Novice: 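Below you will find the structure I want to go over with you.
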Amino acid sequence: MNLKSLLCLTALAGATAAFAEDSTPVTLNWNLSEAVTTADAQSDCDGVSATLTVGSAITPNGKNTWNGVGKDVEFGTIDYAKYKITNDGVGGRKDEQYFEFAVNTTGTFTAEKISFTFFNQGWGNGRYDVVAVTGNVEKTLATAVDPGRDREDNAISPFQSYTLSGLDAVEGTPLSIRVYYYTNNNDAKTRSVGINDIVISGSFTGEIIEKPEIEVPAGAVVAPLAAGTFYDVTQAICTVANAKNDNIENTKKGTEVEFPFYVLTEGNYYLYFQSGSKISNDTENIGMVNITLDGADLCAHEVKTTGDWSNYANVTVVPTGVLTPGKHVFKAVRDENTCLGSYAGNWRLSIHADEVYDHENINLAAGKGVRIDTDGSVGWIMNGTSTEHVVYVPETGSYNLIIGINSHAEGTCTVTIKEEGISAIFNTHEVQARAMNASHIVELGDIATPGIKTIKLDFAADHGGFICNYGDMSLLRVGDVAGVEAAETAAEIIATEYYNLQGVRVDASAKGTLIRVATAADGSRTATKVFVR
C-alpha cells in the first residue's frame with residue numbers, strides 16, 4: 001500500500017497516524033505449498049515488499065515430492081540437456097534458468113541475509129550460482145554450489161544462507177537476487193528441482209505509518225459478505241418500514257433505510273440490491289429506490305412485479321469503487337415521484353469484494369456441495385453428486401452453459417436453472433479428447449427474467465466409480481428471448497420521444513426517470529414511465 005492510500009485510510013478511520021524515520025527490522029518470507037510461476041512474499045513491514053519470479057526454463061509442476069530432509073515440495077523441472085556446465089565446471093547458466101527475488105521499498109531497504117532450501121532430485125550433478133543486483137551494481141554471492149540431491153537412501157539437507165551486506169534497495173530501484181541453476185548431465189531427460197523456505201532479512205528506513213485499528217461494534221455487519229448471504233437487517237436503521245429477518249418490509253410512503261457496515265481491507269466492493277413485489281396493478285408496479293453510499297449518489301433500483309414478496313428476482317448490481325477501512329453507509333430511499341403504490345416491494349442487499357455471482361466467470365469455490373481440487377476444478381464427481389452455483393444474469397436472452405469437463409468414465413449431467421424451470425442433459429463421456437477443460441456446450445434456451453439464478457448440476461451413472469471433474473464454467477448469451485423481435489416488429493414503432501416528469505421533451509440521451517412516448521405506424525401513441533441509466 002502506498003503512502004497516499006495510507007493517508008486516505010487514516011483520514012477515513014478518524015485516527016491519527018504515527019510516522020517514523022527509525023530503522024525497522026524487516027523479514028520477507030516465502031513458504032511455498034505448491035509450484036508457481038510467481039508469488040509475493042509475506043512482509044512484516046508496509047514499506048517493503050518482494051516477489052518471486054521463475055525463469056522460463058523452469059517448469060513449475062509440483063507433481064512429486066522430495067524424500068530428503070526438509071520440505072517435501074518439488075518446485076518444477078528443467079531440461080538438463082539444454083543447460084550444461086562448461087568444461088571448467090562453471091559458467092554454464094542461461095539467463096532463463098533462474099529463481100528471482102525482487103525486493104521493492106518506499107524508502108531504503110538494507111539487505112542483510114538470504115536463506116533457502118534448494119535441491120535437485122535424482123542424478124544430474126546440478127549446481128547453482130547466487131547473484132545480487134541493485135541499480136548498476138552486481139555482486140556474486142556464490143558460484144557452482146552443490147545443492148545436494150535426493151538419493152532416497154542418502155538424503156542431504158540443502159539449507160543455504162548468504163550474506164547480503166552492502167546491498168541496498170531504494171525507492172524506484174529494487175534489489176534483485178537470482179539463483180541460477182545448471183548441470184553437466186548429458187542426457188535428454190527432465191529432472192526435478194525444488195526451492196522453499198526462502199527468507200530475506202534486513203532493515204527499512206523511511207516514512208512508515210502505524211495503522212489505526214478499526215473498531216467494529218459487536219454484531220455489526222462487516223464486508224464482504226459470503227456468497228449467498230445477506231445484510232443482517234437488525235443492524236439497519238429504518239424510517240417507517242420494518243426490518244424482518246434479512247429483508248426490509250412494508251416499504252410504504254416515507255421509507256428510508258440506512259445500512260451501516262464496516263470494511264477492514266481496502267478494495268473494490270459490489271452492492272447487490274434486490275427487491276420482490278406481489279403488486280399486480282400496473283400503475284403501482286412502477287417505482288424507484290434511490291441508493292447513496294456515504295452520502296453520495298450511487299445508483300437507482302427499479303421496483304418491478306416479481307410475483308411474490310419473497311421472490312427477489314429483481315436485482316441491481318453496482319460497483320462501489322475502492323472502499324477504505326472504516327465505517328460506510330448505504331442508504332436506500334423510496335422515490336415518491338415514481339412509487340405510486342402502497343409499498344415499493346421488499347428489499348434486501350449483499351456486499352461483496354468481487355463479482356461472486358458473475359455469469360461469465362462462475363465462481364466455483366462459492367458453490368454448494370462442491371469439492372475444489374488443487375487445480376481449481378470441482379473434483380471427484382460420482383453417481384448421485386449434486387452441486388449448485390449462484391449467478392447474476394443481467395439481461396434476458398437465450399443462453400448456453402459452457403463447462404470444462406475431464407471425463408474418465410461414462411455418466412450424465414442434468415443442468416437446471418431453478419428459477420426459470422430450465423432443464424438440459426448431456427453425457428459427460430462425449431466431451432472431446434477427454435481432457436481437462438475441454439469446453440462442452442449445453443444449450444439451455446431462454447432465460448426470461450434477469451436476476452439471481454441457481455444453476456444445479458446433477459450427475460448420474462450406472463456404475464459406482466469416478467465420472468468426471470469440471471471447471472471453467474460460464475453462461476454465454478447467444479441471442480434474444482424467442483419471440484421478442486417479432487413482437488417488437490409487430491408493434492411497428494416508427495418514432496420514440498422522451499419527456500421529463502413535468503411534461504417537457506428532453507433529448508434521447510437524457511438519464512433518470514422519464515416518460516417514453518412510442519408512436520406506431522397507425523398513429524397511435526403509448527406513454528410509459530421508464531428509468532434510464
Side-chain angles (χ1 to χ4, degrees), residues 8-15 211-277 287-301 303 306 309-335 339 343-357 366 390 392 451-452:
C8 292
L9 181 157
T10 304
L12 183 70
K211 295 181 181 178
E213 292 187 5
I214 305 301
E215 295 185 4
V216 179
V221 175
V222 177
L225 302 177
T229 62
F230 299 93
Y231 188 97
D232 178 0
V233 294
T234 63
Q235 301 298 317
I237 302 170
C238 299
T239 301
V240 178
N242 298 330
K244 182 179 179 181
N245 300 323
D246 61 6
N247 62 85
I248 304 296
E249 298 183 349
N250 296 329
T251 54
K252 54 189 176 182
K253 187 174 182 179
T255 294
E256 297 185 4
V257 184
E258 291 186 357
F259 300 92
F261 64 98
Y262 289 79
V263 168
L264 301 181
T265 304
E266 179 178 305
N268 289 291
Y269 291 79
Y270 291 81
L271 166 70
Y272 283 74
F273 192 88
Q274 309 181 23
S275 68
S277 175
M288 305 302 301
V289 177
N290 298 316
I291 302 172
T292 62
L293 172 59
D294 297 334
D297 290 341
L298 180 66
C299 65
H301 172 84
V303 177
T306 59
W309 295 106
S310 60
N311 181 11
Y312 294 92
N314 190 204
V315 183
T316 293
V317 181
V318 61
T320 66
V322 176
L323 295 184
T324 48
K327 181 181 178 181
H328 299 271
V329 179
F330 287 119
K331 185 175 182 180
V333 179
R334 169 179 154 140
D335 184 350
C339 294
Y343 304 105
N346 290 351
W347 309 343
R348 67 182 184 184
L349 62 85
S350 298
I351 311 164
H352 301 294
D354 52 18
E355 295 179 275
V356 294
Y357 298 142
V390 180
Y392 170 70
I452 297 290

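Computed from a predicted structure; not experimentally measured. Because only heavy atoms are used, hydrogens play no part in the values below, and waters and symmetry mates are left out as well, while side chains stay in.
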Novice: Specify the closest pair of heavy atoms between N250 and N346, including all atoms of both residues, with the distance to one decimal.
Specialist: N-OD1, 4.0 Å

Novice: From N311 CG over to Q274 CD, what is the distance, rounded to the nearest 0.5 angstrom?
Specialist: 10.0 Å

Novice: Can F330 and F261 be said to form a ring pair (Phe, Tyr, Trp, His ring centres under 6.0 Å), step by step?
Specialist: CA-CA 8 Å; F330 287 119; F261 64 98; 5.0 Å; yes

Novice: Side chains of W309 and N247: closer than 4.5 Å at any heavy-atom pair?
Specialist: no

Novice: Apply side-chain contact (heavy atoms from CB on, under 4.5 Å) to the pair R348 and V233, showing each step before the final yes or no.
Specialist: CA-CA 8 Å; R348 67 182 184 184; V233 294; 5.9 Å; no

Novice: Which distance, rounded to the nearest 0.5 Å, do you find between the CG of L225 and the OH of Y269?
Specialist: 10.5 Å

Novice: Please check if the side chain of T306 supplies one atom and the backbone of N314 the other of a donor-acceptor pair under 3.5 Å.
Specialist: no

Novice: Considering all heavy atoms of both residues, which atom of V216 and which atom of V222 are nearest to each other, and what is their separation?
Specialist: CG1-CG2, 3.8 Å

Novice: Kindly compute the distance separating CG (L264) from CG (L323), expressed to the nearest 0.5 Å.
Specialist: 12.0 Å

Novice: Looking at I248 and C238, what are the two nearest heavy atoms and their distance?
Specialist: CD1-SG, 3.8 Å

Novice: Side chain of T251, backbone of G345: donor and acceptor closer than 3.5 Å?
Specialist: yes

Novice: Taking atom CG of D335 and atom OG1 of T255, what is their separation to the nearest 0.5 Å?
Specialist: 12.5 Å

Novice: Please identify which of these residues, K253, R334, K252, meets the side-chain contact (heavy atoms from CB on, under 4.5 Å) condition with C339.
Specialist: R334

Novice: Could you give the distance from OG (S275) to OH (Y312), rounded to the nearest 0.5 Å?
Specialist: 9.0 Å

Novice: Assess whether side-chain contact (heavy atoms from CB on, under 4.5 Å) is satisfied between V329 and I237, documenting all intermediate values.
Specialist: CA-CA 10 Å; V329 179; I237 302 170; over 6 Å; no

Novice: Would you please name every residue forming a ring-ring contact (aromatic ring centres under 6.0 Å, His included) with Y357, sequence neighbours left out?
Specialist: Y272, H352

Novice: Counting distance only, does the side-chain N/O of Y231 pair as donor-acceptor with the main-chain N or O of P260 below 3.5 Å?
Specialist: yes

Novice: Counting only N and O atoms by type, is there a donor-acceptor contact under 3.5 Å from the side chain of Y392 to the main-chain atoms of V315?
Specialist: yes

Novice: If you look at every heavy atom in Q235 and G219, which pair is closest and at what distance?
Specialist: NE2-O, 3.1 Å

Novice: What pair of heavy atoms forms the shortest contact from A300 to N290, and how long is it?
Specialist: CB-OD1, 3.7 Å

Novice: Grab the two heavy atoms, one from G254 and one from V240, that are nearest each other, plus how far apart they are.
Specialist: O-CG2, 3.7 Å

Novice: I would like to know whether T292 and D297 meet side-chain contact (heavy atoms from CB on, under 4.5 Å); could you show each step before the answer?
Specialist: CA-CA 4 Å; T292 62; D297 290 341; 3.6 Å; yes

Novice: Enter the distance from T316:OG1 to I291:CD1 here, rounded to the nearest 0.5 Å.
Specialist: 6.5 Å

